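Treat the numbers as computed from the prediction; the structure is a model and nothing was measured. Order of the sequence lines fixes the chain letters, A, B, ..., with proteins taken first and strands second; residue numbering starts at 1 for each chain. Side chains included, hydrogens not; waters and symmetry mates left out as well; all remaining heavy atoms used.
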Amino acid sequence: MVADRAGYTVTMFLVDISPSMVETRIVDLPPGPTGEERTREVSSLEYSLQYVKLRIQDMIFHGRKTEQCGVIIFGSDDTHNVVNEKNGGYDHVTEFIPIGQPNATTLAKLDTLKPSETSGDPIDALIVAIETQDQYLEKKRTWTRKIVLLTDGKNPMEIEDWEATVHKMNALHISLDVVGIDFDDEEIGYQEEGKKNIKFENEAFYAKFTSSLSNGEVGTFEKALQERYRPEPKDTKSTLMGTMLRLGDVDVRPDEAMEVLVKTSKCTMLERPKSWKKFARRQAVKQDAEDETQDVDGQVDEDKKTVFSQLRMRTEYYVDHSESKDDTDDEDNEEGEDVKKKNAPEKVEKEQLIRGFKYGATYAPCPDGQFPKLPTKKGIDICGFFHRQNFRRDFSMGEVQYVWADPSSALQQVTLSSVVQAMADKDVLAIARWVMRDGADPKMGVLCPSQFDKVDCLLWVQMPFADDVRKYTFAPLEHLVSKKGDPITTHPYLPTSEQMSAMENFVDAMDLMDAGEKDEDGHRQPWFDTRLSYNPAIHRTKQALYHSAIVNDVVSNPLAPPHPELVMYFDPPKRAVKRAREAVEECQTVFKVKEIPKRAAKRARKDGHVRARDDDEEMLLLDLKGPKPSASESQTTSQEPYTNQVSEDADAGSETESEDEELLLDQPKSGAKANPPPTPARLASTDVDPGRERGRIIGTTYPLQDFKKNIAQGDLVTKAVEDMAYVIKEIVLRPFASRRHKELISCLTALRETCLKEDEIDAWNKFLRDLKESCLSPPGNPAFWAEVKKSGRGMSLISSPEAANLGGVSDISESTASNFIM
Amino acid sequence: MAPFDDWNNIDEEEEEELQDASYFEGKRDVILFCIDCSPSMQELKEDPVYEGVQTSRLLTSLEAAMQIQKKKVLVGPNDCVGILLFNTTRTNEEAGYASEIKKGCFVYQQLGQVNAPKIQELIQLVEGAREDSDLLKSEYPPLEGKRVPIGDVFTSCNWVIRDNAPKTATKRVFLITDNDDPHPGTKQLLTSARTTLVDLIESGVQVEPFFIGTEDRPFDPTKFYSSVLINSGFDDEAEDEGTLPESISITRINDLLAQMRIHEVPKRAIFNITFELANDFVIGVKGYGLVTEQKKGSYKYFVDLGDRMEVAESRTVYIDEEQQAEVEKSQLVYGMELGAPPANENSDDEMDGAEYGTRVVPYGQRPFYDAEEVRSFRTLELEPGLKLLGFKDRNELAFEDNVKHSTFIYPDEQKYAGSRRTFTAMLKVMLEKDKIGLVRALLRKNAAPVFCAMLPQAEKVEEGGWNEPGGFHLIPLPFADDIRAAPIEEGFRASDDVKNAARAWIDKLCVKNGAYPPDTYPNPALAFHNAQLQASAFREEFDPESFEDVTLPKYDMMHKRAGELIKEWKKVLFKDDAANTIIATAGTKRKADVSVDEAEIRSKYEDGTLNKLRNDQLKEFLKNKSQPVSGKKADLVERVADWLTSHS
C-alpha cells in the first residue's frame with residue numbers, strides 16, 4: 001500500500017442488501033461471568049454493517065473534514081443513482097448516503113437498513129460508485145479514492161467487460177477492498193461448508209478481479225474485522241526543537257567556552273488512553289434503568305426511544321461559612337456534629353473570587369496566579385561529568401529526549417560527535433541543566449552518549465532536585481539488630497541457606513534471556529520487547545469506544561475480547577513456567593508464605609467491608625439483576641460519609657482505596673453490571689479472586705474456566721479432576737445454588753468428558769456416587785440431582801464398555817450405569 | 001491541590017475521570033515538637049556558623065523546628081504544628097485544659113494549623129535568643145537538679161494533641177533531648193513512661209525521638225529509652241504501629257535539622273498490594289514514592305468574607321445543556337464523541353428528533369458504558385497487584401527505557417507471613433546474579449496495567465545517619481506506543497584527533513567517584529517562588545537580587561580546570577576537514593537565496609541595514625541559531641541584532 005496522506009480521501013461503501021443477506025449465523029460472544037457460553041444471532045447484513053460502521057467510526061474519530069465517505073446499497077427495491085438518472089439501467093442500486101464527512105447520524109442511518117426483496121449486482125454498484133466518486137472529486141483530483149465492497153457473493157453478477165472496469169479503476173487510482181461474508185480464507189483456514197457453486201465462482205471472480213487491480217484486495221469478513229482491532233502505535237513524527245548546548249561561560253569567557261547548536265526531539269513520550277465523553281439518559285423515568293435487562297429480551301415497545309445526551313462540564317465554587325470545619329469531617333456522627341453540617345456551603349460566582357496561595361492558614365494574595373519567575377536563559381548547560389557505573393537508574397524521572405547536532409551544520413555535528421565519542425570512550429555521563437525557553441523553570445538531568453550507525457547524539461533524562469527525593473527510613477532487611485544492639489543472624493525475617501538455594505533455582509528457571517522466539521540462527525531470543533508491548537489500556541479503550549459507537553446496546557452486544565497481541569505479555573512465557581515448575585514447588589515448601597487473615601473488625605464500617613469482600617456475598621450481588629433492593633442503596637448512602645474519612649494508621653491510603661472499592665461494589669448497578677464482558681485476561685488471570693481454597697487449583701467463582709485452563713496446560717489432570725469434583729459438590733450444597741445449576745451441569749459434562757479421556761474413570765464414578773448421596777440426603781440439593789437425571793445416561797457412571805472404547809477400564813456394568821441415573 | 005499531595009498520588013491524570021482524589025486532602029500531618037529545656041540543653045557554646053555568637057542545644061532545636069515549620073507551611077498548608085517545652089519552671093498561664101498539662105511542661109506554641117504569625121513569632125524568638133544569649137534561660141528557666149518524669153511529658157503531649165489536632169491526621173511527637181538516662185535507678189518512672197507511651201500510641205500518636213549525643217558523651221539509648229520505646233520488640237506489629245525501631249535518630253546537634261528533614265514528612269505507603277511470584281506463591285509488598293517531582297502549589301480562589309479570606313472549594317458538575325439539568329455522577333455513562341454536526345441538511349429528515357449532541361436508540365437499549373465498565377477497559381479486568389514475568393540481565397534495562405519516575409517496593413509482612421524472607425532472598429539472589437525482574441503491575445484499582453523493570457537495591461548500612469534501604473525500584477517501561485523513532489539518521493562524525501581533544505577536558509571535568517548529587521541541587525524555581533510566597537505572607541518586600549541559583553554551572557572552577565583544554569579542542573575542531581564541509585540544503589521548494597552568509601548579515605548589522613533583509617532570510621538565520629522565529633519584522637531584526645551582539 002502506498003503511504004496514505006492523512007485525510008483527503010473519499011471512501012465509497014457498497015453494501016449488499018439482497019434477500020440472501022437476511023441469512024443469519026450464530027456468533028459466539030465472550031462467555032458470561034459464570035463461564036456460560038453466550039451466542040447471538042446475526043444476519044449477514046448486520047454483520048457487514050458492523051464493518052462499515054467501524055470504518056466510518058474511524059473517520060469520525062479523527063474528525064477530519066477531508067476524510068469523507070458515501071454509502072451505496074445494491075439490491076434495493078427501488079433505484080436512485082447518478083448513472084441511472086443519466087443513462088438508465090443500473091437498477092436496484094441506490095445512493096443511500098451522499099458523500100460527506102460522516103458523523104453519528106451517518107451511523108444511525110445505517111442501522112435503518114433492512115435486507116430487500118430484490119437482488120442487486122455488485123458490479124453495477126461498483127460502476128455507480130466510481131462515477132459518483134468521480135463526479136464528487138471533479139475539482140479535487142489529488143484526493144485518494146477508496147471503495148469497499150461488502151457482499152455475501154451469493155447472487156449472480158454481470159461480469160462481462162470487467163477488464164474495462166479494472167482499467168478505469170487503475171486509471172483513477174482507486175483501491176478496492178472486497179469484504180466477503182463467509183469467503184474461504186486459507187490463511188485463517190476457513191472454508192464454508194456446503195458452498196453453492198455460484199458463490200464459488202463469485203469468490204474466484206473477486207480474487208481475479210482484485211489481483212488485476214493495482215490496488216485491490218479480497219478478504220473474508222472475520223479477518224477484516226479482527227485486523228481493525230490490531231494494536232498499532234500511532235506513528236508520530238517528533239518535531240525538532242532548536243536550542244543550545246553550552247559548555248563554560250560563553251558570555252564572559254567565550255574563547256574558553258563552547259556553544260553547540262542542537263535540536264532536541266522526544267525519544268519516549270507517554271501516551272494516554274483516549275478520553276471518554278460523558279452522557280446521561282434524558283428524562284430517565286426511574287424504572288427504565290432497572291428494567292433494562294428484561295427489555296432486551298424482546299418486550300420492547302417499538303415506538304419508544306431512549307435519548308442520551310452529551311453533557312457539559314461546569315465548575316462551581318462554594319464557600320464554607322462555618323468556622324469550625326476542621327471537625328465536621330469527623331468519623332463519628334453520634335457526637336451531634338450534624339448540626340454543624342446544616343451550615344451548608346454557599347455558592348459563589350467566580351468573578352467574586354481572588355487568586356492567591358495558602359501559606360498555612362494565612363492567605364498570600366497573588367492576583368496573577370503566579371509570582372514573577374526566576375529569570376533564566378534558554379539552553380542546556382553542562383555542569384560536570386561522572387562515571388556511568390554511579391548512575392542511579394531509579395532517579396530517572398520522566399520522558400527521554402534526543403539531543404542532536406544541528407543537521408545543517410557540519411561543524412556543529414563534528415563538535416557534538418567529539419563530545420559524544422569522548423564520553424562514550426570514558427564511559428561517563430554529563431550532569432546538565434536545561435532551560436526550555438527563556439524564563440522557563442530550569443531542570444536538572446543527565447546526558448548520556450548514544451551512538452547510532454551513522455550519527456552520534458546525546459540522550460537526556462531529568463533527574464530529581466533535592467526537593468524531589470524523599471528519604472524514608474526503612475527497617476533493615478538483612479542487618480537485623482536485637483534490642484541489645486547485637487546483630488541477629490537467624491530470624492524468621494532472614495532467609496535460610498535452604499531458602500536461598502530454592503530462590504536461586506527459581507530465579508535461574510524464570511530467566512527470560514532465552515525464553516523468547518528463535519532467531520534466524522536458531523538462537524533463542526530474550527522474551528519481551530518494549531517495541532512490541534502495546535499499552536493495553538489505550539487499545540482496549542479505543543476498541544471499546546469504537547464498539548459503543550457502532551452498536552446500539554452494549555448490554556446485549558458486548559465488546560469482543562482484546563486482540564491477542566494486546567495481552568501477550570500478561571503472563572510469563574510457557575517455556576519459563578514449565579522450566580520453573582519444580583523450583584516453584586520447592587519455594588512454596590521452604591518459604592512457607594502464609595496469608596494472614598484480616599484482623600478482626602474494629603468498627604462497624606470495617607465489618608461491612610469484610611462482608612462485601614466475601615465470596616458468597618459477591619455472588620449474590622452479581623446475581624441480582626434488575627431492580628436493586630433499596631436496602632443496598634441505603635447501605636451505599638449510609639457509607640458515603642466515610643469516604644473522606646482517613647484512619648490514623650500509616651496505611652490510611654490503601655484503606656481508603658479499598659473503601660472506594662467497596663462503594664463500587666455497592667453502587668446501584670444497571671443490568672449490564674451484572675454481566676461485565678469478560679476478556680481472555682479475566683480467563684487467564686489469577687488476579688481475580690477465583691474463590692480458590694488453599695491448595696485447590698479450581699475455585700468456586702469460575703470453576704469451569706479454572707478447570708479448562710488446567711486441563712489445557714495438561715500437567716495437573718488428576719489434581720484438576722479431584723478439585724473440580726470437590727468444588728462442584730461444594731457449590732451444589734451451598735444455599736442458593738439453584739442459580740448456578742445450569743453452570744454446574746456444564747461443569748459436570750466437562751468433568752465427565754475429561755475423566756473418560758484422561759483415564760480418571762474411577763474418580764468420576766466415585767465422585768458421582770458421592771454427589772448423588774450428598775444431594776439426596778438432607779440438607780442436600782435434590783433439585784440438582786433431578787437436573788442431573790435429566791441429562792440422562794450420558795451423565796451417568798462410566799461403564800466398562802464405554803471405557804473400553806477409549807482404552808480405559810471400569811468395573812461398572814452398562815446396566816448399573818443406566819440404572820444409576822434413573 | 002497542594003503539592004504535598006503529589007507524593008501520595010500515583011498518577012493524577014490516570015485517575016482523572018473516575019476517581020475523586022479529594023480524600024488525600026483530608027490527610028494532614030501533625031507534628032508536636034517536644035523539646036528538653038534542661039540545663040545541659042541550655043548550656044551556651046560557640047556557634048559553629050556565626051563567629052562570636054553563643055548558641056545552645058535548645059536554640060538549635062528551636063531553630064530546626066522553625067525551619068521545619070517554614071517548609072511545612074509550603075508543602076502542607078493544612079498541617080498542624082506546635083511546640084512543647086519540658087524541664088522548665090515556666091508555667092502555663094492559659095486556663096482550661098492547661099490544668100491538665102503536667103508541671104514542668106510548658107506549651108510554647110499551641111498546636112494548630114501553621115500560619116505566618118506563628119512562624120514569625122518563632123523567628124523572633126530565635127533571633128532574639130541569638131542576640132541575647134540569656135533570653136531563653138530567663139524566658140524558659142531550666143528545672144535545676146531534677147527532671148520531669150518522661151511519663152508526664154508523654155501525658156502532656158497527649159492532652160495537647162487530643163484537644164487540638166484534627167482526628168484524621170497523622171500525629172507525631174518529635175522528642176528532642178540530650179539526656180539518655182533521665183531517671184537513673186528508678187524502675188517506677190520507667191514503667192510509667194512506658195504506660196503513658198502506650199496511651200499515646202493508642203490514641204494514634206507516634207513518637208519520633210531525636211537524641212543528641214556528642215563524641216565525648218554518646219547517647220546510649222539502652223540506658224533508658226530502648227526499654228521504653230521498643231517495647232514491642234521485633235514483632236510484626238512494630239512496623240506501623242507504635243514507635244518504629246528504625247525511626248530513632250541519634251545525632252550530633254549540628255545535624256539535627258538534617259535528621260529532622262528526613263522525618264519531616266511521615267512515611268506513607270502509596271499502595272499495598274500482592275506480588276505474585278508464581279502460581280500459589282504470593283507475598284505482600286508496599287510501595288513508596290521516593291522520587292517525585294515536587295511542584296509549586298497551584299493557586300486557589302479565595303472569597304473575601306470581610307474579616308478573613310476563605311478558600312472557595314470548587315466542584316465540577318455535569319449539565320445537560322438542552323434541559324439545563326444537573327446530572328448526578330452515578331447517572332453518568334461514557335462513550336465516544338458524537339462527531340461534527342451533519343454537513344448536508346438533507347440527511348436529517350429521517351432522523352426524527354435527533355438533535356446534535358444526542359444519541360437515540362430503541363427503548364431500553366444503552367449504547368454507552370457505565371463507570372465500572374470503563375474502568376474494566378483500563379485495567380483489562382486485572383486486580384491491583386504485581387505479577388512476576390521473569391528475570392533479565394541487568395544491562396537489558398536501557399537508559400532510554402524510561403517514561404516516568406520509579407516507585408520503591410518493600411515487603412509487607414502483615415498480609416503474608418514470610419513476605420520478608422522471600423523478598424530478601426529474591427533481592428540477594430538478583431543482586432548476586434546481576435539480574436533485574438520484569439513484572440506486570442497494576443498499582444491501584446483505577447490504574448492501567450504497565451510493565452515494570454524491577455531494579456534491586458542493596459541495603460547499605462552506615463554508622464549513624466540515613467541508610468540506603470534494601471528493596472526494589474519499579475521502573476515503568478515504555479510501551480510501543482510511547483517510543484519515538486530517531487528523526488535523524490546520519491551526520492558528520494568527529495575524527496580521533498577531535499575526540500581526543502574533547503576527552504582531555506572531559507577528563508578534567510569528571511568528578512572522581514562522583515554521581516549525580518540530588519542534594520546539592522535544590523529546585524531554584526521552586527525556591528524562588530516560595531521565597532516570594534513567604535514574603536507575601538509576612539507582608540515583607542521580596543528582593544530578587546538576594547536570591548542565589550545554585551544549579552548554575554560552577555563556571556570559575558570549570559574554566560580554571562579545563563579552560564585551556566577547551567580552547568585547544570576548539571582549535572583542533574576548526575581545523576578539522578569534516579567540520580568545514582558545507583552541507584547543501586536538500587532540494588526543498590525554498591531556494592538557496594534564503595540562506596544569507598553570516599558574514600554578510602554581520603556586515604549589514606554593523607552598517608545598521610539589517611532592515612534590508614527579507615523576513616524569510618531573517619527567519620532562516622534565526623532558525624539556524626535556534627532562536628524563535630515568531631513576531632513581526634521589527635522583532636526579527638531586533639532578535640538578529642541581539643544575537644550578533646552577544647556573539648561578536
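Residue B:Glu489 touches chain A through its backbone alone, counting heavy-atom pairs closer than 4.5 Å. Only the side chain of B:Leu455 comes within contact range of chain A, judged by heavy atoms closer than 4.5 Å. With a 4.5 Å cut-off on non-hydrogen atoms, A:Leu545 touches chain B through its backbone and its side chain both. For B:Val511, the parts lying near chain A are the backbone and the side chain together; criterion is any non-hydrogen pair under 4.5 Å. Using a 4.5 Å cut-off between heavy atoms, B:Met426 touches chain A through backbone and side chain atoms alike. Contacts between B:Phe479 and chain A at a heavy-atom distance below 4.5 Å involve backbone atoms as well as side-chain atoms. Only the side chain of A:Ile431 comes within less than 4.5 Å of a heavy atom of chain B; its backbone N, CA, C and O stay farther away. Heavy-atom distances place both the backbone and the side chain of A:Val419 under 4.5 Å from chain B. Looking at B:Lys570, only its side chain comes within 4.5 Å of chain A, counting heavy atoms on both sides. When heavy atoms are compared at a cutoff of 4.5 Å, B:Leu526 approaches chain A solely by way of its side chain, counted from C-beta outward. Interface residue B:Ile319: backbone and side-chain heavy atoms are both found under 4.5 Å from chain A. For A:Ala576, no part lies under 4.5 angstrom from a heavy atom of chain B. Residue contact with chain A, scored on non-hydrogen atoms closer than 4.5 Å, involves the side chain of B:Ile475 exclusively. Only the backbone of A:Thr243 comes within contact range of chain B, with at least one heavy atom under 4.5 Å from a heavy atom of that chain. Contact of B:Leu477 with chain A is made through the side chain alone, with heavy-atom distances under 4.5 Å. Using a 4.5 Å cut-off between heavy atoms, A:Val461 contacts chain B through both its backbone and its side chain. With a 4.5 Å cut-off on non-hydrogen atoms, A:Arg433 touches chain B through its side chain but not through its backbone.
Counting heavy-atom pairs closer than 4.5 Å to chain A, the top-ranked of the candidates B:Gly418, B:Gly470, B:Ala502, B:Pro518 is B:Pro518. Taking chain B as the reference chain and counting heavy-atom pairs below 4.5 Å, the highest number among A:Arg314, A:Lys592, A:Met258, A:Lys266 is found for A:Arg314. Top candidate by heavy-atom pairs under 4.5 Å with chain B, chosen from A:Pro572, A:Pro464, A:Ala537, A:Ala410, is A:Ala410. Contacts with chain B were tallied for A:Pro407, A:Pro495, A:Gly242; A:Pro495 has the most, counting heavy-atom pairs under 4.5 Å. With chain A as partner, the option from B:Val498, B:Ile283, B:Asp393 having the largest number of non-hydrogen pairs under 4.5 angstrom is B:Asp393. Your options are B:Val317, B:Thr316, B:Asn115, and the one with the most heavy-atom pairs under 4.5 Å with chain A is B:Val317. Ranked by heavy-atom pairs shorter than 4.5 Å toward chain A, the options B:Ala425, B:Ala525, B:Ser406 are led by B:Ala425. Among A:Ser548, A:Gly384, A:Ala364, the residue with the largest count of heavy-atom pairs under 4.5 Å with chain B is A:Ser548. Residue with the most contacts toward chain A among B:Pro478, B:Ala278, B:Gly514: B:Gly514 (heavy-atom pairs, distance under 4.5 Å). Counting heavy-atom pairs under 4.5 Å between each of B:Val327, B:Val303, B:Leu533 and chain A puts B:Leu533 at the top. Counting heavy-atom pairs closer than 4.5 Å to chain B, the top-ranked of the candidates A:Ile538, A:Leu512, A:Leu459 is A:Leu512. With chain B as the partner, the residue from A:Met500, A:Lys426, A:Met244 showing the most heavy-atom pairs under 4.5 Å is A:Lys426.
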Requested in this report: Under the side chain to side chain contact (heavy atoms under 4.5 Å, CB included) rule, what do B:Glu293 and A:Met397 come out as? Steps first, then yes or no, please.
Outcome: CA-CA 8 Å; B:Glu293 197 168 346; A:Met397 287 185 72; 3.8 Å; yes
Query raised in the report: How far apart are the C-alpha atoms of B:Glu381 and A:Arg540, what are their side-chain angles, what is the distance that settles it, and do they pass the side chain to side chain contact (heavy atoms under 4.5 Å, CB included) test?
Result: CA-CA 11 Å; B:Glu381 308 198 9; A:Arg540 184 69 175 157; 5.6 Å; no
Report task. Apply side chain to side chain contact (heavy atoms under 4.5 Å, CB included) to the pair B:Asp482 and A:Glu399, showing each step before the final yes or no. Result -> CA-CA 9 Å; B:Asp482 306 328; A:Glu399 294 157 352; over 6 Å; no
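Remark: B:Arg366 fails to qualify as a cation-pi partner of A:Phe308 under the 6.0 Å distance and 45° angle criteria applied to the six-membered ring.
Remark: side-chain polar atoms of B:Glu400 are not paired, donor with acceptor, to backbone N or O of A:Cys267 under 3.5 angstrom. Remark: the backbone N or O of A:His479 is paired with a side-chain donor or acceptor of B:Glu459 at under 3.5 angstrom. Judged purely by atom type and a 3.5 angstrom limit, B:Tyr516 has no side-chain atom pairing as donor or acceptor with the backbone of A:Phe395. A donor-acceptor pair under 3.5 Å is formed between the side chain of B:Lys392 and the backbone N or O of A:Phe528. Using modelled atom types, one side-chain atom of A:Thr306 and one backbone atom of B:Gly364 make a donor-acceptor pair closer than 3.5 Å. Side-chain atoms of B:His559 never come within 3.5 Å of backbone atoms of A:Arg253 as a donor-acceptor pair (strictly under, hydrogens ignored). In this structure, B:Arg359 contributes its side chain and A:Ser309 its backbone to no donor-acceptor pair below 3.5 Å. Checking side-chain atoms of B:Tyr410 against main-chain N and O of A:Ala475 turns up a donor-acceptor pair under 3.5 Å. Under a 3.5 Å cut-off, the side chain of A:Gln499 and the backbone N or O of B:Arg421 do not form any donor-acceptor pair. A donor-acceptor contact shorter than 3.5 Å links the side chain of B:Asn402 to the backbone of A:Gly398.
Residues A:Lys278 and B:Tyr334 form a side-chain contact, since some pair of their non-hydrogen atoms from C-beta on lies under 4.5 Å apart. With contacts defined as side-chain heavy-atom distances shorter than 4.5 Å, the pair B:Phe368/A:Val554 does not qualify. Contact annotation: the side chain of B:Tyr301 never approaches that of A:Val348 to less than 4.5 Å [non-hydrogen atoms, C-beta and beyond]. Under the 4.5 Å side-chain criterion, counting only non-hydrogen atoms from C-beta, B:Lys300 is in contact with A:Lys358. Side-chain contact between A:Lys471 and B:Asp519: present, with at least one pair of heavy atoms (C-beta onward) separated by less than 4.5 Å. A:Phe357 is not listed as a side-chain neighbour of B:Phe302, based on a closest heavy-atom distance of 4.5 Å or more. Contact of the A:Arg531 side chain with the B:Ile483 side chain is registered, since non-hydrogen atoms from C-beta on lie closer than 4.5 Å. Looking only at side-chain heavy atoms (C-beta outward), A:Met503 and B:Thr422 come within less than 4.5 Å of each other.
Between B:Lys499 and A:Asp456 no salt bridge is recorded (no basic side-chain N to carboxylate O distance below 4.0 Å).
Summarising the geometry of A:Phe385 relative to B:Ile506, their closest heavy-atom pair is CZ-CG1, 3.8 Å, with the distance given to 0.1 Å. Contact detail for B:Phe399 and A:Val400: the closest heavy-atom pair is O-CG2, 4.2 Å. Across A:Phe570 and B:Arg440, no two heavy atoms sit closer than the pair O-NH1, 2.7 Å. When all heavy atoms of B:Asp481 and A:Asn535 are compared, the closest pair comes out as OD1-N, 2.8 Å. For the residue pair A:Asp381 and B:Pro553, the shortest heavy atom distance occurs at CB-CG, 3.6 Å. The nearest pair of heavy atoms linking A:Leu411 to B:Leu573 is CD1-CG, 4.1 Å.
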